[in-house]
Amino acid sequence: QVQLAESGGGLVQPGDSLRLSCSTSGRTFNSGTLGWFRQAPGKERQYVAAIRFSGSSKYYSTSVKGRFTISRDSASNTVYLQMNTLKPEDTAVYYCAKSSLSLILSEISSTANYESWGQGTQVTVSS
């Protein structure tokens with residue numbers, strides 16, 4: 001069983017930056033895929049970014065590419081989501097999720113392919 005815990009959310013103004021952290025515990029941190037998703041009120045959970053631990057491949061949704069960066073620190077079992085140039089439409093609860101598999105590109109954006117989820121952290125972008 002993998003446990004995930006997000007942190008780092010908050011209230012920021014448009015154009016600001018935030019760094020979210022996803023701390024993990026369990027034996028499978030160094031394998032599989034970790035993804036970030038977000039869910040705004042009244043909307044479906046939406047894929048944001050993912051990192052595949054084998055080869056450290058990184059993937060981004062078109063809405064955040066160029067503004068967000070996913071990275072991981074194996075020593076601390078933590079995955080980060082650096083979010084720059086935040087926009088009001090980035091407002092959502094952000095979740096990290098873990099798949100035990102090395103997901104391929106066509107699989108990484110589906111919530112059904114992730115077995116473990118954190119509780120989420122709120123990000124609000126407002127002036």
Side-chain angles (χ1 to χ4, degrees):
Q1 184 81 18
V2 176
Q3 288 80 43
L4 308 172
E6 305 91 341
S7 61
L11 172 63
V12 297
Q13 294 187 340
D16 284 353
S17 299
L18 272 179
R19 189 177 76 162
L20 305 184
S21 300
C22 175
S23 61
T24 71
S25 61
R27 297 183 298 168
T28 60
F29 181 75
N30 290 321
S31 64
T33 306
L34 193 136
W36 282 98
F37 292 77
R38 65 187 182 187
Q39 189 166 19
K43 295 189 176 181
E44 292 187 353
R45 198 163 293 190
Q46 176 188 47
Y47 160 73
V48 175
I51 184 167
R52 198 167 60 196
F53 293 164
S54 174
S56 296
S57 298
K58 302 174 183 180
Y59 306 93
Y60 301 93
S61 69
T62 54
S63 60
V64 307
K65 193 170 186 178
R67 300 189 297 123
F68 291 11
T69 303
I70 189 170
S71 62
R72 70 179 180 120
D73 179 356
S74 299
S76 63
N77 291 347
T78 303
V79 173
Y80 301 99
L81 185 68
Q82 177 66 43
M83 306 187 297
N84 298 329
T85 319
L86 283 160
K87 304 175 181 180
E89 51 264 42
D90 295 318
T91 295
V93 177
Y94 283 70
Y95 299 89
C96 61
K98 180 73 165 54
S99 171
S100 59
L101 303 176
S102 290
L103 300 176
I104 60 176
L105 183 58
S106 62
E107 297 170 329
I108 56 172
S109 61
S110 174
T111 58
N113 292 326
Y114 295 82
E115 304 101 36
S116 304
W117 291 81
Q119 294 301 306
T121 185
Q122 176 71 47
V123 172
T124 303
V125 185
S126 176
S127 55

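Residues S102 and S54 come closest through the heavy atom pair OG-CB, 3.9 Å. Minimum heavy-atom separation, T33 to A50: CG2-CB, 4.3 Å. When every heavy atom of A49 is checked against every heavy atom of L81, the shortest pair comes out as CB-CD1, 4.2 Å. In this structure, G9 and T121 approach most closely via the heavy-atom pair N-OG1, 3.1 Å.
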Exercise. Could you give me the CA-CA distance, side-chain angles and deciding distance for Q122 and T91, then say whether side-chain contact (heavy atoms from CB on, under 4.5 Å) is met?
Key: CA-CA 8 Å; Q122 176 71 47; T91 295; 4.0 Å; yes

Quiz prompt | Derivation and outcome, side chain to side chain donor-acceptor pair (under 3.5 Å), residues R38 and Q46 | solution = CA-CA 5 Å; R38 65 187 182 187; Q46 176 188 47; 2.8 Å; yes

Quiz item: Could you walk me through whether L4 and C22 pass the side-chain contact (heavy atoms from CB on, under 4.5 Å) check?
Solution: CA-CA 6 Å; L4 308 172; C22 175; 4.2 Å; yes

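Once rounded to the nearest 0.5 Å, the distance linking OH of Y95 with OG1 of T111 reads 12.0 Å. Rounding to the nearest 0.5 Å gives a distance of 8.5 Å between OH of Y47 and OH of Y59. The CG atom of L18 lies 8.5 Å from the CD atom of Q82; values are rounded to the nearest 0.5 Å. One finds the CG atom of L101 at 13.5 Å from the CD1 atom of I108 (value rounded to the nearest 0.5 Å).
Both F37 and L105 sit in one connected hydrophobic cluster of ILVMFWY residues. Membership requires side-chain heavy atoms under 4.5 Å apart, directly or through other members. Put simply, V48 and Y80 are part of two different groups of oily side chains (I, L, V, M, F, W, Y) that touch within less than 4.5 Å, one to the next. If you chain together hydrophobic residues whose side chains sit under 4.5 Å apart, V93 and V79 never meet in one group.
With R52 contributing its side chain and S57 its backbone, the two residues share no donor-acceptor pair below 3.5 Å. A donor-acceptor pair is defined here as one N or O able to donate and one able to accept, closer than 3.5 Å; no such pair exists between the side chain of K98 and the backbone of S116. Distance alone, capped at 3.5 Å, places no donor-acceptor pair between the R19 side chain and the G8 backbone. Looking only at distances, no side-chain donor or acceptor of S110 sits under 3.5 Å from a matching main-chain atom of E107. Although no hydrogens or angles enter the test, the distance criterion places a donor-acceptor pair under 3.5 Å between the side chain of Y60 and the main chain of I70. Counting only distance, with no hydrogens or angles, the side chain of Q13 and the backbone of S127 share no donor-acceptor pair below 3.5 Å. Side-chain N or O atoms of S21 include none that pairs as donor or acceptor with a backbone N or O of S7 at under 3.5 Å. A donor-acceptor contact shorter than 3.5 Å links the side chain of E6 to the backbone of C96.
The closest side-chain heavy-atom distance from M83 to W36 is not below 4.5 Å. Residues Y114 and L34 are not in side-chain contact: their nearest non-hydrogen atoms beyond the backbone lie 4.5 Å or more apart. Between D16 and V125, the closest side-chain pair of non-hydrogen atoms is not below 4.5 Å.
For the pair R72 and F53, the cation-pi test (distance below 6.0 Å, angle within 45°) is passed.
Counting heavy-atom neighbours within 6.0 Å of E89 CD, excluding the residue itself, gives a total above 12.
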